[in-house]
Amino acid sequence: MKILIINGSHRKGNTDIFIKEFKSNIDKNHSLRILNLRELEMKLPDGCEICGESGICPNIKDQFSNEIEPTIRNYDIYVITTPTWDDGITPLTKIFWDRIVSWCHKDRMYLKGKKLAVVTHGMAGEKSWNNVINWVKSVCVWEKCHFGGSFTFKSSSKIGDIKIDKIQLQQFIKDLIS
Ligand SMILES: Cc1cc2nc3c(=O)[nH]c(=O)nc-3n(C[C@H](O)[C@H](O)[C@H](O)COP(=O)(O)O)c2cc1C
């Protein structure tokens with residue numbers, strides 16, 4: 001399986017620690033790519049009419065459009081990993097998703113039939129994280145992809161202060177890859 005991890009954290013913090021743990025639980029015969037959104041030149045979507053119609057934006061040219069987006073269309077499994085911010089995904093994660101909105105155009109549908117899963121965490125708890133999970137479920141509807149499951153864990157603003165249930169993580173990975 002080809003797996004793309006989309007890291008929406010704005011810093012090298014708890015999300016990165018989780019991803020390291022996730023990676024160590026993935027069998028070597030799967031390929032895993034980690035896309036750290038904060039390291040990319042990824043401009044804000046301009047909100048033009050073409051973007052609104054899920055067309056390829058003619059106005060924005062940056063590292064994301066030139067070098068990254070064309071290389072991330074052919075994965076079997078996509079995993080959004082984002083801290084929960086204000087009961088939602090991070091700004092970086094949202095910008096990323098708004099930049100690939102053209103994928104849902106009927107001529108492209110790059111996510112159709114594939115799996116999209118989510119990992120989210122934070123200091124609040126399930127009630128807060130469920131908003132993120134529900135957003136991903138909603139994306140799955142219009143992208144016509146399968147919801148691949150969710151994994152949540154408690155973390156705080158202190159880097160390294162996280163509580164990952166390893167048994168639950170292994171089950172999440174097992175279900176994701178099956
Ligand atoms: C702006 C902001 C908003 C936050 N909102 C929430 C929230 O709504 N729910 C929650 O569980 N945690 C919230 N948190 C806590 C973060 O999710 C938590 O600190 C997390 O470990 C940060 O991940 P990182 O180290 O990868 O940046 C928020 C943190 C920040 C900075």
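Counting convention: from 1, in listed order, for ligands and their atoms alike.
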Ligand 1 polar-atom proximity to protein (N/O, under 3.5 Å):
{"residue": "ligand 1", "atom": "5 (N)", "partner": "Thr84", "partner atom": "O", "Å": "3.4"}
{"residue": "ligand 1", "atom": "5 (N)", "partner": "Asp86", "partner atom": "N", "Å": "2.8"}
{"residue": "ligand 1", "atom": "8 (O)", "partner": "Asp86", "partner atom": "N", "Å": "3.0"}
{"residue": "ligand 1", "atom": "8 (O)", "partner": "Asp87", "partner atom": "N", "Å": "2.8"}
{"residue": "ligand 1", "atom": "8 (O)", "partner": "Ser128", "partner atom": "OG", "Å": "3.3"}
{"residue": "ligand 1", "atom": "9 (N)", "partner": "Ser128", "partner atom": "OG", "Å": "2.8"}
{"residue": "ligand 1", "atom": "11 (O)", "partner": "Met123", "partner atom": "N", "Å": "3.1"}
{"residue": "ligand 1", "atom": "11 (O)", "partner": "Ala124", "partner atom": "N", "Å": "2.8"}
{"residue": "ligand 1", "atom": "11 (O)", "partner": "Trp129", "partner atom": "NE1", "Å": "3.0"}
{"residue": "ligand 1", "atom": "12 (N)", "partner": "Thr84", "partner atom": "O", "Å": "3.4"}
{"residue": "ligand 1", "atom": "12 (N)", "partner": "Met123", "partner atom": "N", "Å": "3.2"}
{"residue": "ligand 1", "atom": "14 (N)", "partner": "Thr84", "partner atom": "O", "Å": "3.3"}
{"residue": "ligand 1", "atom": "17 (O)", "partner": "Thr84", "partner atom": "O", "Å": "2.9"}
{"residue": "ligand 1", "atom": "17 (O)", "partner": "His121", "partner atom": "O", "Å": "3.4"}
{"residue": "ligand 1", "atom": "19 (O)", "partner": "Ser156", "partner atom": "O", "Å": "3.2"}
{"residue": "ligand 1", "atom": "19 (O)", "partner": "Ser157", "partner atom": "N", "Å": "3.4"}
{"residue": "ligand 1", "atom": "21 (O)", "partner": "Asn14", "partner atom": "ND2", "Å": "3.0"}
{"residue": "ligand 1", "atom": "21 (O)", "partner": "Ser155", "partner atom": "OG", "Å": "2.8"}
{"residue": "ligand 1", "atom": "21 (O)", "partner": "Ser156", "partner atom": "O", "Å": "2.9"}
{"residue": "ligand 1", "atom": "25 (O)", "partner": "Arg11", "partner atom": "NE", "Å": "3.0"}
{"residue": "ligand 1", "atom": "25 (O)", "partner": "Arg11", "partner atom": "NH2", "Å": "2.8"}
{"residue": "ligand 1", "atom": "25 (O)", "partner": "Asn14", "partner atom": "N", "Å": "2.8"}
{"residue": "ligand 1", "atom": "26 (O)", "partner": "Ser9", "partner atom": "OG", "Å": "2.7"}
{"residue": "ligand 1", "atom": "26 (O)", "partner": "Asn14", "partner atom": "N", "Å": "3.4"}
{"residue": "ligand 1", "atom": "26 (O)", "partner": "Thr15", "partner atom": "N", "Å": "3.0"}
{"residue": "ligand 1", "atom": "26 (O)", "partner": "Thr15", "partner atom": "OG1", "Å": "2.6"}
{"residue": "ligand 1", "atom": "27 (O)", "partner": "Ser9", "partner atom": "OG", "Å": "3.2"}
{"residue": "ligand 1", "atom": "27 (O)", "partner": "Arg11", "partner atom": "NE", "Å": "3.0"}

Rounded to the nearest 0.5 Å, how far apart are CG of Leu116 and CD1 of Ile77?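 The distance works out to 10.5 Å.
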All N/O donor-acceptor pairs, side-chain side in residues 40-47, below 3.5 Å, sequence neighbours left out:
{"residue": "Glu41", "atom": "OE1", "partner": "Gln63", "partner atom": "N", "Å": "2.7"}
{"residue": "Lys43", "atom": "NZ", "partner": "Lys61", "partner atom": "O", "Å": "3.4"}
{"residue": "Asp46", "atom": "OD1", "partner": "Cys48", "partner atom": "N", "Å": "3.0"}
{"residue": "Asp46", "atom": "OD2", "partner": "Asn59", "partner atom": "ND2", "Å": "2.7"}

Begin with the C-alpha distance, continue with both residues' side-chain angles, and end with the deciding distance and a verdict on salt bridge (Lys or Arg N to Asp or Glu O under 4.0 Å) for Asp98 and Lys94. CA-CA 6 Å; Asp98 291 337; Lys94 186 64 166 61; 3.0 Å; yes
Is it the case that Asp87 and Ser128 place a side-chain donor and acceptor less than 3.5 Å from each other?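 Judged by distance alone, the side chains do pair up.
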Between Phe96 and Phe64, is the gap from one ring center to the other below 6.0 Å?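 Yes, ring centres under 6.0 Å apart.
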Report yes or no: is the cationic atom of Lys2 (NZ for Lys, CZ for Arg) closer than 6.0 Å to the six-membered ring centre of Tyr75, at no more than 45° off its axis?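 Yes, a cation-pi geometry.
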